[in-house]
**Q** 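Please read through the structure below; I'll follow up with questions.
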Amino acid sequence: MMKIRCCLNPISRFQSTSSAVSRSRLTNDEIRQHRLRIYNNERQTQMERIRRVEKIEIDVEDPIQSTKLLMNKNLSTPYHCAKHLSSVLVDRSCLALIDDEIVWDMNRPLERDCKLKFLHFLEEKCEEQNRAYWRTCSFIIGYILETAFKSNYNVELCSFPPPQFQYGSFAYDAQLNIGDWKPTRDDLRCLSIQAYKLRDNDLRFERLDLTQSVAEEMFKYDRFKLAQIPYMLRLLSPSDNQTRLSVYRMGDYHVDITRGPLISSTKQIGRFEFSAIHNIDVPSYNETMQRIQALSIPNQLHLHYWTFDYLLERAKKKNNASIPTLTKPKTSDNKTDKIE
Amino acid sequence: MNRALQTISTRLFTRPVLPSSLGILPNAGINFIPCAWIRQHKLTDQQMRLRYKKLHWHKFYNDKWVQRRGGGWDEKMTPENQTFMQEVVYETYTNKESPLKDGPWKHGEYTTNPETIRTGVLGLKLGTLPQWDKKGRKFHVTLVQIIDNHVVNYTPPEMINFRTLFTTRPLRRDLHGKVGMLVVGALSSDPRKFTRAYNGLFEQAGIPPKRKLTRFFVTPNSVIKPGTPLYATHFRCGDYVDVQARSIDFGFQGVMRRYGFRGGPSDEYGATKFHRKRGTVGSGRKHKILPGTRMPGLMGNKLVMMKGLKVWRINTKYNVLYLMGPAVPGPNHGYMRIQDSSLYERKQKLTKDNHPPFPTYYPQDGKILDEELFSDDIYHFDQPTLTLDDVQIAPLTTRRTTAKTAQKKK
């Protein structure tokens, strides 16, 4: 089903500075490889900027053991700190807490002297971890949508709403270009199996901050993402003058735009089941897209299949989280955006 | 139970033949036919024990068929969530209608000529009580509760591999290809204690998952639709019943407790090292120990059948049967299979007009049963007391025995 996509939309609202290239002859796989290539190049250039290795002192506070570690600035991650301490911390910790305030990814390099704590799913207050987990799972839905369909179908990813537990599921909004497809229970099961394969591969989530030009080069073929880029740019660190966009890569497989922290690796996924696909009207892009919903629980939590099935029934209902919108760019430095 | 096969040969010689047992043989009317598979002599105890060794270890349900237990790990849920999930479990099974499309199955007809075998029932041994009959004599009675029984599944006779499945009773070759199999379950419980495969067995019938399952082999006319409950009134008061259960597990026991050997004298009589032993083990000039020789070993914990127990009384509110005798196999809170008796004399009395509820007892909307049902012979305490006039007293003077008179003559 080859559709010639004309990305120059008559509505001027989301016409970006560089015009999007038509993707009529490119498959989802090729587009994905292009994004990964640009990610690799950008990462290499950013690594080369580090001329010399500086040391920073990190104070690890853990109920098992608290130590002080000397790590490399802009190179070592909390994951490396955990490796110095114990394998239990490596396996179970999904996020890190810096100075008791800032939530940090496990695979993101540390920049200064700080106090470090490891967060896992079985603590008393685990709202941040749970939200990071569902954010990661939405990210994974995006990957599965791009890879699960046959090469003659073109799937265009749009974005995903921030994780909210009251709606019973997490979702990803995308233009599937399939027409009237009502997925059966077995189809959804096949999609879920893709997620379990990711768990076996143990892929890490790495973060990269891109400037506008690099981001636009990366998402050359994605018209929805291109439109979002101007609204997503923010000043991420005070030392930097340029507004940047945060982008995450899962292992060697997939790149996507998200703001918030993601969990440490795909090994921490427990049960993952796709629940339903609903149609939503998106006035910002003037299209009807599909919202793909799923339900998941981390590996650390054991639930009997009967209770999980009961939660799945709830997840099949339409998720009423926020629909993708393009808010007007504010002149101030802190820009509002709709993706977490 | 061990005498079952023995009685075939004696029956053929002495009593009029029940038509069903000779259905296969060509000359059906004649009593005695010299044929290869009819035994001319009785089997010894030892030989019977060896034959039924496999039958002793029959399990009501084997985990190799479908893995039963699941869950049981510490799900770290908040107490509010736990109570909520409990309520969800109750709600799913209270108002459940049968999901099957078709209506109730047709009830079969009770026939004596081609023999009809009804389902049995899974019960729980509660304990013993004394009861009194109308002559004032006391006897003991075992209470058996028929907890939450439902029929789970039915397989027709064509789909049954008879030799591998029919392991609960001595093999009746004449039933091959003529009996279907009903699966009956007892004690509904939480689906979160079992695996998904085990819970799936009950989904088609629309029942909550059961803790205990057995099979009953049944003639096709006494088929029951999966999902129907079975009550204690499946039997009538005054009916006779066979009970199969696992006997009490005594563990590894010596020969005196296990077989009732007399052992040896105590130390007082100078016995050296022979107090509770077996003694010799050999058998004449044979250079081997005969298979089936009685020695110390595991005692109990094997399937035992008691035949011909009378149902004296039924409690319909709690579904309890009062069965004759205190010696029903198994400890308290042990499960047992209860079926109509297969004894010849008891089966003879069942006719087309006089038979237990067939295929099972279905409660009718208008009719409510009394809470307690009594058989004719039992004395219940609502009745006026028994007086001595009712009871016969033996005369005080007895006739002298011949030995005493002989002495007196001398």
**Q** If you draw a 6.0 Å radius around CZ in A:Arg92, do more than 12 non-hydrogen atoms from other residues or ligands fall strictly inside?
**A** yes

**Q** Provide the closest heavy-atom pair for A:Trp306 versus B:Arg192 in the form atom of the first, atom of the second, distance.
**A** CB-CG, 3.9 Å

**Q** Under 4.5 Å heavy-atom distance to chain B, tell me which part of A:Leu303 shows up: side chain, backbone, both or neither.
**A**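 Both parts, backbone and side chain.
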
**Q** Please report the interatomic distance OH(A:Tyr305) to OG1(B:Thr195), rounded to the nearest 0.5 Å.
**A**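 Answer for the OH-OG1 pair, A:Tyr305 versus B:Thr195, is 7.0 Å.
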
**Q** Please check if the number of heavy atoms outside B:Tyr318 that lie under 6.0 Å from its OH is greater than 12.
**A** no

**Q** Considering only heavy atoms, which portion of B:Phe84 lies under 4.5 Å from any heavy atom of chain A: side chain, backbone, both, or neither?
**A**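 For B:Phe84, the contact with chain A is made by the side chain alone.
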
**Q** Is the number of heavy atoms from other residues, nucleotides or ligands within 6.0 Å of CD (A:Glu124) greater than 12?
**A** no

**Q** Please check if atom CZ in B:Arg69 has more than 12 non-hydrogen atoms from other residues, nucleotides or ligands closer than 6.0 Å.
**A** no

**Q** Report the option among B:Val88, B:Asn199, B:Asp74 that has the most heavy-atom pairs separated by less than 4.5 Å from atoms of chain A.
**A**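 With the most close heavy-atom pairs to chain A, the winner is B:Val88.
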
**Q** Check the surroundings of atom CD in A:Glu127: do more than 12 heavy atoms from other residues, nucleotides or ligands lie under 6.0 Å from it?
**A** no

**Q** Could you report the tightest heavy-atom contact between B:Glu75 and A:His304, atom names first, then the distance?
**A** OE2-N, 2.9 Å

